[in-house]
2 protein chains.
Amino acid sequence: MSFTPVQKVNAYEIIVGQIEQAISDGTYGAGDRLPSERALMTDFGVSRATVREAMRVLQATGVIESRPGDPRGPVITAFSPRVLEKSMAKLAQLDSVSRVELLQFRLLLEGHASLLAATERTDEELAEIARRGEDIADLADQPDVRFGERVNRFHQAIRRASHNQMLEICGNVVGGVMAEMIDRRLTSETDRSSRVRTSARDARALVAAIRDGRAQEAAAISTGNIYRYYADDLSSEETRRLATMMQSYGAQM
Amino acid sequence: MSFTPVQKVNAYEIIVGQIEQAISDGTYGAGDRLPSERALMTDFGVSRATVREAMRVLQATGVIESRPGDPRGPVITAFSPRVLEKSMAKLAQLDSVSRVELLQFRLLLEGHASLLAATERTDEELAEIARRGEDIADLADQPDVRFGERVNRFHQAIRRASHNQMLEICGNVVGGVMAEMIDRRLTSETDRSSRVRTSARDARALVAAIRDGRAQEAAAISTGNIYRYYADDLSSEETRRLATMMQSYGAQM
DNA sequence: CCGGGGTTACTGGTCAGGCCAGTAACCGAC
DNA sequence: GTCGGTTACTGGCCTGACCAGTAACCCCGG
């Protein structure tokens, strides 16, 4: 006979649990309204402070949204990736996660996003990708627009065309974090204009590969582009850790 | 001149923001103690209820932990993937995320985990991988041990050997979700024993490839195994959506 | 000198009751 | 009918209080 460690559960946790349960078993669905705080406190037999703490947790977890004054009560929200993005961004910014790891992960995501986009994209999505690709070239005349963000928007369109939400969301997070890193570092003006030129050219090649359904090539171009962007800053050990991955995509280092 | 929409910020949100800021700029580090709720309420000039709501949010986000009676106050926790796992699991269980998407994402993660493990693993990690691979074969004599979980542990060891934390954590989440799906569905006893046999054999092949540093092969074996496990249940459309990916790993469908 | 048990000053968890600003439905006047 | 105000709610926040825990402290017996 084994004992299980005692773990007392706070009152508000029970409320959170019950409401999450009610949502997961279909009692409540997205768009439905929860009773008001005052109603919940009689339902659960607790004080309003306790109900409110439960509401805060549900709100922070992205389960509900509430607005003062609305007589209809808090609304159950469809899942929003906001929470996921935040906690993933926290992971990415963790000191223990090295540059190489982040870059590896990014190559992996962008590579497969391009791969899938080449076969799954609709015509509208292709047009959107092409448009954002051309937006990169326009950066030459817009010195105040952030470079990393603009390029990330291009990749974002590709990720969306992959028709894989997990890939899309994770890619958005990692891409966002790294775009910010770029914009923080990119100060030199001449450096910028040269990067704009090569990025615009690379983007066109990638768009063409996706347009023609050349999936493997798209992945190779995509990962190759990203790799070359960071190549100068990498140590030989870091380069080694990327070699196998790049090879698997058939990309040039 | 453009107007920005008014968005009032709740008092507790300001507290959350300030504390998160203090952590991200190094004022507080993991293991440090926050002042007590009563101290914070004078610091921020709000009531305890408001402080407590802020604490609840920070706790739900995995930033702090607190327990009653401890005179040292709430402790700032080192990052734990718990929150990430929960929100990712919620995403994975979402109806809008299809089986194919989940499977695509899993193939992507496990494929590259195997790829990297083949070149990056230490001898200890290889031993651990091999051990857990053999554990799968032992399942034949242990009808009450959950199959999906055991196999997932094997993959978990591989993910760890990839030396990429992002890959490891995301893989753990997706792997965990899918292992649970397997264990819920796997009821037939004869089905189980045949699956145990093939999985054990597949695992040995994968271990050998990782041992010998045959990275591409390891990725192909790994993704091939996973694919074949689900192949019977897939529609032709789902199969098509996986084809490009499988091809990119050089895996057999 | 040292160890152990009780005291004490805190901690977080919860409750009750109250005020305020805001929302949206309702309803009557035009 | 439409438009304006009224009204009955909502959530946000506050005050003040009690309880069960925790851990440091201190004192007493060895």
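Sequence lines set the chain letters: A, B, ... in the order given, protein chains first and strands last, and positions in each chain run from 1.
Counting to the nearest Å, the P atom of D:dT15 and the CD atom of B:Glu37 are 15 Å from each other. Here the C1' atom of nucleotide C:dC15 and the CD atom of A:Glu53 are 11 Å apart, to the nearest Å. We find that CG of A:Leu34 is positioned 9 Å from P of D:dG11, with the value rounded to whole Å. Atom CD of A:Glu13 and atom P of C:dG13 are 9 Å apart (whole Å). Put simply, CG on A:Leu40 is 13 Å from P on D:dG12, counting in whole angstrom units. Rounded to whole Å, atom P of D:dG12 lies 12 Å from atom CD of A:Glu65. Residue A:Met41 contributes atom CE, which lies 10 Å from atom P of C:dC15 at whole-angstrom precision. The interatomic distance linking A:Asn10 (CG) with C:dG12 (P) rounds to 13 Å, in whole Å.
By the 4.0 Å N-to-carboxylate-O rule, A:Glu125 lies too far from A:Arg160 to be salt-bridged with it. A salt bridge is defined here as a Lys NZ or Arg NE, NH1 or NH2 lying under 4.0 Å from an Asp or Glu carboxylate O, and A:Arg146 with A:Asp144 fails to meet this definition. A salt bridge links A:Glu128 with A:Arg131: the closest approach of a Lys/Arg side-chain nitrogen to an acidic carboxylate oxygen falls below 4.0 angstrom.
Taking side-chain N and O atoms only, A:Arg48 has no distance below 4.0 Å to OP1 or OP2 of C:dT14. Taking only side-chain nitrogens and oxygens, B:Ser66 never comes nearer than 4.0 Å to OP1 or OP2 of C:dT11. In terms of phosphate contacts, A:Ser36 brings no side-chain nitrogen or oxygen within less than 4.0 Å of OP1 or OP2 of D:dC9.
For residues 10-31 of chain A, the salt bridge (Lys or Arg N to Asp or Glu O under 4.0 Å) pairs, not counting sequence neighbours, are A:Glu20-B:Lys86. Sequence neighbours left out, the pairs with a member in residues 70-80 of chain A that pass salt bridge (Lys or Arg N to Asp or Glu O under 4.0 Å) are A:Arg33-A:Asp70, A:Arg67-A:Asp70, A:Asp70-A:Arg72.
B:Arg56 comes within 4.0 angstrom of the backbone, heavy atoms only, and of no base.
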Listed pairs, N/O of protein and of nucleotides 19-23 of chain D, under 3.5 Å:
{"unit_1": "D:dT22", "atom_1": "O3'", "unit_2": "B:Arg67", "atom_2": "NH2", "d": "3.4"}
{"unit_1": "D:dT22", "atom_1": "O2", "unit_2": "B:Gly69", "atom_2": "O", "d": "3.3"}
{"unit_1": "D:dA23", "atom_1": "OP1", "unit_2": "B:Arg67", "atom_2": "NH2", "d": "2.1"}

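Closest contact between the side chain of B:Arg52 and the listed nucleotides D:dC13, C:dG13, C:dC15 involves C:dG13.
A donor-acceptor contact shorter than 3.5 Å is absent between the side chain of A:Ser199 and the backbone of A:Val196. Checking side-chain atoms of B:Asp233 against main-chain N and O of B:Tyr230 turns up no donor-acceptor pair under 3.5 Å.
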